[in-house]
Colleague: 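The structure under discussion is supplied below as structure tokens; questions concerning it will follow.
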Protein chains: 2
Amino acid sequence: MNVLIVYAHPEPRSLNGSLKDFSVRHLEDAGHHVQVSDLYAMKWKASLDAQDSTAWPADARFDASLASKEAYETSTQRHDIALEQEKLRWADAVILQFPLWWFSMPAILKGWVERVYAYGFAYGVGEHSDNHWGDRYGEGAMAGKRAMLLVTTGGWESHYGPRGINGPIEDILFPIQHGILYYPGFDVVPPFVIYRTGRTDEERYGHIRDALGQRLDTLWTAAPIPFRPQNTGAYDIPALTLRPDLAPGEEGLRVHIAKE
Amino acid sequence: MNVLIVYAHPEPRSLNGSLKDFSVRHLEDAGHHVQVSDLYAMKWKASLDAQDSTAWPADARFDASLASKEAYETSTQRHDIALEQEKLRWADAVILQFPLWWFSMPAILKGWVERVYAYGFAYGVGEHSDNHWGDRYGEGAMAGKRAMLLVTTGGWESHYGPRGINGPIEDILFPIQHGILYYPGFDVVPPFVIYRTGRTDEERYGHIRDALGQRLDTLWTAAPIPFRPQNTGAYDIPALTLRPDLAPGEEGLRVHIAKE
């Protein structure tokens, strides 16, 4: 299998750097092919702007979606964007690895999403009709591929628990797991989260590494988070609200996850 | 009053650009002082890295928190960071204005948060003891100031409703409103969200502008979102889980908002 690791940490000699190297070795030892997009090492351009569409007229009003659409269709995207899209097409699984900064991904990785997820590639695809609102949320270019988050945080696990002050980790990560990964079609397996990274001695590092190895071994077989697909009847179209008989009376992020 | 607008849109001739200009005029006409950090126009450096700490040794292992702490304490931060911190000190209210891209703020604004929110300024402040876990979530450098999000999105309001497929807008914005604004002490008033921006004609623009004007007029008097403060008894320390008798039996993001 082909695995793309999109990695966003500024220091190779960090816990994140060590775990990234470990993942590459572990996956390759199991016979997989691995590519790493090391965003800091690549000096990835974080901010989406008119320069991303090389044929966009210099004096034209910049419309981010329209410019992305035209550049994608006419192969006039900046080369760095096209290269990342090619890696996504090649991959059977994608791992986004990052430290949780201010309860989300680092800016450099957010900018990877914004620039690589072109109109016509990751959104704005498929028919729009009375029973189909574009190929998204369970359909799309990434359908059939798997994705997993590998996240480190200095906070304690209890701070991200069901009643923890930061919010439950699965809710904090919902905009990423549902909105960035499930949206273009990925099957998202549960995240691998490392808490309280400031307290990582050799012994604990060994445990973390072993646990990560097991998660990498089951990347292809683990049950994905059962997000509800958009176009198979669970949602009323075009309001895109969950049908009243599903999770009746409930609201919030979790109604979009089917109960087993 | 002093208002800082941190604005993240690449095109001045956009709905966002027009509304930003309107907000400046409207606030100034009411006698307030306004500064705008127009991140795209400033070519804001989005990615946090070792160059943000000008005294950090070139060959030293980069620790983002430690480097931020030292640079803040010794006034060796990059100048662009110190300037934004000065604007935050000056401000009585802060408006973060941005288009919702992939269910969060644009990378350039996320990078503003990461770089400007230094250790010792926006986090890592206050005593850590058995009944106080740092000055955060209701305390901190921004205590007494107000903040509001001004967000545009192409999606429909129902898609962001209580059972909408994207998740309720207040839950999607929780990592920003609670994790980025309430964390260092801001009182956060409800967001001003504009949906379905692709359908904005002159008439609708007039309505939006009027509604925004009213929100700006009540920026100082509107009731903030009643997030629960960390250090006044609602949370067990150090687990930082909500006390069992508050929102008993419930879990998720919304337990952190006190019911009226």
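Quick caveat, the model's predicted, so the values are computed rather than measured. Reminder, nothing fancy here: chain letters follow the sequence lines and each chain counts from 1.
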Colleague: Measuring heavy-atom distances to chain B, does A:R243 have an atom under 4.5 Å in its side chain, in its backbone, in both, or in neither?
Modeller: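 Contact with chain B is through the backbone of A:R243 alone.
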
Colleague: Hey, is CG on B:D201 packed in by over 12 heavy atoms from elsewhere, all under 6.0 Å?
Modeller: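 Yes, enclosed.
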
Colleague: Take atom CG of B:D130 as the centre, draw a 6.0 Å sphere, and report whether it contains more than 12 heavy atoms from other residues, nucleotides or ligands.
Modeller: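 No, because the 6.0 Å sphere around CG of B:D130 holds 12 heavy atoms or fewer from other groups.
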
Colleague: Among residues at least two apart in sequence or on other chains, which ones pass salt bridge (charged side-chain N to carboxylate O under 4.0 Å, His left out) with B:E114?
Modeller: B:K110

Colleague: Where on A:H159 is there a heavy atom nearer than 4.5 Å to chain B: the side chain, the backbone, both, or neither?
Modeller: both

Colleague: As an exercise: rank A:V113, A:L39, A:D236, A:V255 by heavy-atom pairs under 4.5 Å with chain B and give me the winner.
Modeller: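 Highest number of heavy-atom pairs under 4.5 Å: A:V113.
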
Colleague: Return each pair, listed once, that meets salt bridge (Lys or Arg N to Asp or Glu O under 4.0 Å) where at least one residue sits in residues 60-69 of chain B; pairs must be two or more places apart or across chains.
Modeller: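 Non-adjacent pairs meeting salt bridge (Lys or Arg N to Asp or Glu O under 4.0 Å): B:K69-B:E73.
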
Colleague: With a 4.5 angstrom heavy-atom cut-off, is it the side chain or the backbone of B:L100 that approaches chain A, or both, or neither?
Modeller: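 The answer is neither part of B:L100.
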
Colleague: So which bits of residues 163-179 of chain B come within less than 4.5 Å of chain A, counting non-hydrogen atoms only?
Modeller: B:R163, B:G164, B:I165, B:N166, B:G167, B:P168, B:D171, B:I172, B:F174, B:P175, B:H178, B:G179

Colleague: So what's closer than 4.5 Å to chain B heavy atoms on A:P238: side chain, backbone, both or neither?
Modeller: both

Colleague: Using a heavy-atom cutoff of under 4.5 Å, enumerate the residues of residues 117-126 of chain B that contact chain A, numbered in order, or state 'none'.
Modeller: B:Y117, B:A122, B:Y123

Colleague: Would you confirm whether A:Y40, through its side chain, and B:L48, through its main-chain N or O, come within 3.5 Å as a donor-acceptor pair?
Modeller: yes

Colleague: Do you know which of B:R228, B:H9, B:M105 has the most heavy-atom pairs under 4.5 Å to chain A?
Modeller: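 Greatest number of close heavy-atom pairs with chain A: B:M105.
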
Colleague: Counting heavy-atom pairs under 4.5 Å with chain A, which one of B:L246, B:L240, B:I180 comes out on top?
Modeller: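 Among B:L246, B:L240, B:I180, the one with the most close pairs to chain A is B:L240.
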
Colleague: Heavy-atom distance under 4.5 Å to chain A: side chain of B:R254, backbone, both or neither?
Modeller: side chain

Colleague: What residue in A:S104, A:G252, A:G111 has the most heavy-atom pairs under 4.5 Å with chain B?
Modeller: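 Ranked by heavy-atom pairs under 4.5 Å with chain B, first place is A:G252.
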
Colleague: Identify which part of A:W112 has an atom lying under 4.5 Å from any heavy atom of chain B, answering side chain, backbone, both or neither.
Modeller: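 Neither part.
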
Colleague: If you count heavy-atom pairs under 4.5 Å between each of A:E250, A:K43, A:K45, A:R115 and chain B, which one has the most?
Modeller: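 Most heavy-atom pairs within the cutoff with chain B belong to A:E250.
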
Colleague: Does any backbone or side-chain atom of A:A60 lie under 4.5 Å from a heavy atom of chain B? Answer side chain, backbone, both or neither.
Modeller: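 Only the backbone of A:A60 comes within 4.5 Å of chain B.
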
Colleague: Can you tell me which portion of A:L66 sits under 4.5 Å from chain B's heavy atoms? Options are side chain, backbone, both or neither.
Modeller: neither

Colleague: With only heavy atoms counted, which part of B:W101 is less than 4.5 Å from chain A, the side chain, the backbone, both or neither?
Modeller: both

Colleague: Please report the closest heavy-atom contact between B:A107 and A:A46, naming both atoms and the distance.
Modeller: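 Scanning both residues, the minimum pair turns out to be CB-O, 3.5 Å.
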
Colleague: Which bit of A:F62 comes within less than 4.5 Å of chain B, counting heavy atoms only: side chain, backbone, both or neither?
Modeller: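 Both parts, heavy atoms under 4.5 Å.
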
Colleague: Select, from B:A8, B:S14, B:P12, the one with the greatest count of heavy-atom pairs under 4.5 Å involving chain A.
Modeller: B:S14

